[in-house]
Every structure is written in structure tokens, then in C-alpha cells.
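We count residues from 1, following the sequence as given.
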Amino acid sequence: SGVLPPSLGSSSNGGMEVGLPYYFNIAPNRDLTVFPKYIQKRGLQVGLDGRYLGVGYAGETNFEFLPSDKQTGTNRYALSSVHTQTLLPKLAMAWNINYASDDEYPADFAANISKTAVRVLPRELSLTYAETFWNVNVLTSKYQVLQDIAAPITPPYDRLPQLTLHGGQFDVKGFDWAVDTIFTSFGHPTMVQGERLVLNPQVSLPFIQPGFFVVPKLSLHAASYSLSNPGPGLGDHFQIAVPTVSVDSGLIFERQANWFGSLMTQTLEPRLFYVNTPYRDQSQLPNFDSATADFNFAQMFSENRFTGNDRIGDANQLTAALVSRFIEDSGEERVKLAIGQRIYFNQQKVSLGAGVSQ
């Protein structure tokens with residue numbers, strides 16, 4: 001236990017800031033840090049950060065409080081808490097709780113730029129039961145949205161709850177298979193609400209050798225919707241089924257190389273990834289949780305250009321890539337170089353669209 005190095009800073013919102021944290025070493029697996037901070041234009045803020053780790057559980061809770069802010073005349077505070085715990089040998093629970101006293105709290109008190117941009121604070125509670133070849137998860141989630149008058153955002157849907165059942169096995173007579181079944185009840189204060197049931201079976205037949213691999217795969221995305229408030233003249237039940245065929249393949253070449261005086265193994269790995277998903281009209285489906293995925297190197301090898309389960313993009317495309325890695329004898333990868341390009345053979349039609357609205 002003892003005093004930690006002081007912090008000094010300045011901001012346009014708070015003026016000069018001086019902090020003197022104190023660390024309490026409660027036990028080898030528990031500690032508490034107190035963060036008193038004087039903010040010139042606002043007053044004295046006190047922060048507490050507690051961490052704990054034990055057999056089958058771990059977590060961290062952070063709480064900040066500033067009474068009678070000189071600028072607003074209100075009490076300002078924020079809470080963040082994460083926790084995981086094993087309840088039984090195959091049963092675990094977790095929570096992620098975040099709260100702020102007002103919309104401007106991150107902008108006024110965040111210590112770095114990334115946190116000032118946080119506007120959606122999740123509150124999640126989950127329970128997971130896992131067996132060898134299957135697991136089930138129950139999740140409830142709600143969100144606090146910190147609005148900016150100049151740039152308001154639409155709150156995300158609450159999951160009240162979401163039930164996920166996953167099963168799968170590798171190398172069953174040469175095949176890999178998996179099935180995901182997801183039932184979600186979506187709630188929202190202003191937009192269409194309802195339930196969605198998703199069934200996603202997939203099977204692949206990997207051919208993997210030291211110098212090459214070929215993995216053909218077949219999957220199906222089937223979804224059923226039941227909406228509680230679709231709006232006048234709109235349907236309240238929808239179904240869709242979209243198959244996808246993909247083939248992932250690559251070669252692996254190796255040679256001994258010298259990297260700044262160190263002997264390493266250099267690889268050269270050309271890779272081809274083909275996806276074919278037929279077009280299905282999804283313009284009447286609601287959009288509870290889908291968005292366009294960020295285009296990056298990993299996403300180039302994804303079968304769906306959308307995240308979530310409400311949009312399955314039509315595709316007839318080939319991704320070509322070349323990867324080179326430098327690997328030490330210990331197996332540690334020191335350098336990875338990669339370049340790739342996606343080639344489209346069709347005009348993509350599926351978009352996020354407006355979906356069903358009120």
C-alpha cells in the first residue's frame with residue numbers, strides 16, 4: 001500500500017487537474033485504488049477502483065463521484081463493473097454494468113479521447129452452461145444512450161432475453177459440423193418490436209495437409225420473425241432461408257530465413273476463398289442488430305458482409321490473398337505481412353434498408 005505518482009493535467013472543460021491516487025494492497029488477490037482529483041472549474045472528484053481474483057471468479061468495479069459540480073450544480077457520477085464467476089463445474093455467469101449520471105459525463109471527465117466518444121453504455125447479464133459438444137447461453141441486455149443534441153443517435157435494441165444453443169463437433173468421419181439456434185426477444189421504446197428465431201446449421205469437409213488445405217463448406221441461415229407492432233398494413237410474420245456455399249483453400253511454403261541476425265522460418269501462403277450466396281429479398285424484414293461489417297483483412301474471408309442475423313448478403317465473389325510470416329523456433333510470430341483483394345462476379349442487391357417500421 002502507498003501513494004502512487006501524482007497526475008497533472010488540464011482541459012478546456014475543467015481547467016487544471018491535480019490527482020493523488022493511493023493504492024491499498026488488501027490481499028494478494030484483492031486491491032483498491034482511491035483517486036482523489038481536484039478539478040479547478042468543477043471541484044473535488046473521488047474515484048474508487050477495486051479489483052479481485054479468486055478460484056472461479058474475478059472482477060473489477062470503478063466508481064467516480066463529484067458532488068455539486070461548480071459548472072452544473074448537480075452531483076456527477078459514473079459506474080463501471082465487470083464480473084465473471086463459475087457457479088457450478090459447467091455453469092458460469094457474468095455481468096457488465098455501466099452507468100453515467102448524465103449525457104455529458106464522458107466528455108467532461110474522461111481521461112482519454114477514446115472514452116469521450118463513448119455514447120452507448122451496456123448493461124448485460126449472462127448465464128452459460130457448457131457440455132463437451134454443446135452449450136447454452138441466456139443473455140439480457142439493455143443500454144443507456146448518452147445523447148448529443150447536435151448529433152442524436154438511435155438507441156440499440158434491448159435483448160429481453162436472448163437464448164443461444166450451440167452444438168458442434170470436429171472430425172466426425174472427416175466432417176466438421178455446427179448448429180446455432182438463437183431466440184431473441186427485442187425491445188425498443190420507439191421502433192418495431194418482436195421475436196426472432198434463427199437456425200444456422202453448417203457442415204464442412206476439411207482436407208488439411210502440411211503443405212496445403214482445402215475446406216468446402218455448406219451452411220444455411222433460416223430465420224422466422226414475429227412482430228408485435230409492425231404498423232398499419234404491414235405483416236407481422238416473416239420467414240427466410242438463405243443457403244451459402246464456400247471453399248477456402250491455400251498453400252503453405254516454408255524456408256529458413258535470417259531476420260536481423262536471428263534465424264527464423266519464413267512462410268509464403270497464397271490463399272483463395274470463394275463464396276456463393278443466392279439473392280433473397282430481405283427488404284421487408286426488420287433490422288434488429290445488423291450492420292455493414294468493417295472491411296479489413298480478416299473480414300475478406302467472411303461469408304457475410306453484414307454483422308448480426310437480419311441481413312445475409314448475396315455473394316458470388318473470390319478473395320485472393322498472399323501472406324508471409326516470420327516465425328521463431330519457439331513458435332512466436334515476429335512479423336506478418338499480408339495483401340489481398342476481393343473480386344466480385346455479381347451486382348450485390350441486399351442492403352440494410354429500412355426494414356419493417358412503424
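Under the 3.5 Å distance criterion, the side-chain polar atoms of Thr184 are left unmatched by any main-chain donor or acceptor of Arg196. One N or O on the side chain of Gln144 and one on the backbone of Ala100 form a donor-acceptor pair closer than 3.5 Å. Without hydrogens or angle criteria, Gln239 side chain to His237 main chain gives no donor-acceptor distance under 3.5 Å.
Using the six-membered ring where Trp is involved, Phe65 and Phe63 have ring planes that are parallel, under 30° apart on the 30 and 60° scheme. Aromatic ring pairs are classed by plane angle as parallel below 30°, tilted from 30° to 60° and perpendicular above 60°; the pair Tyr157 and Phe186 is perpendicular.
When all heavy atoms are compared, the tightest approach of Asn304 to Gly313 is OD1-N, 2.9 Å. Leu352 and Arg311 get closest at one heavy-atom pair: O-NH2, 2.9 Å.
By the side-chain hydrogen bond (donor to acceptor under 3.5 Å, both in side chains) test, Glu60 pairs with no residue at all, sequence neighbours left out.
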For Glu303 and Ser246, what are the C-alpha separation, side-chain angles and deciding distance, and is it a side-chain hydrogen bond (donor to acceptor under 3.5 Å, both in side chains)? CA-CA 7 Å; Glu303 294 159 345; Ser246 67; 2.8 Å; yes
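Remark: Arg271 engages Asp248 in a salt bridge, criterion side-chain N to carboxylate O under 4.0 Å. Residues Asp69 and Lys41 are not paired through a salt bridge, judged by the lack of any N-O separation under 4.0 Å between the basic side chain and the carboxylate.
No more than 12 heavy-atom neighbours from other residues, nucleotides or ligands sit within 6.0 angstrom of NZ on Lys349.
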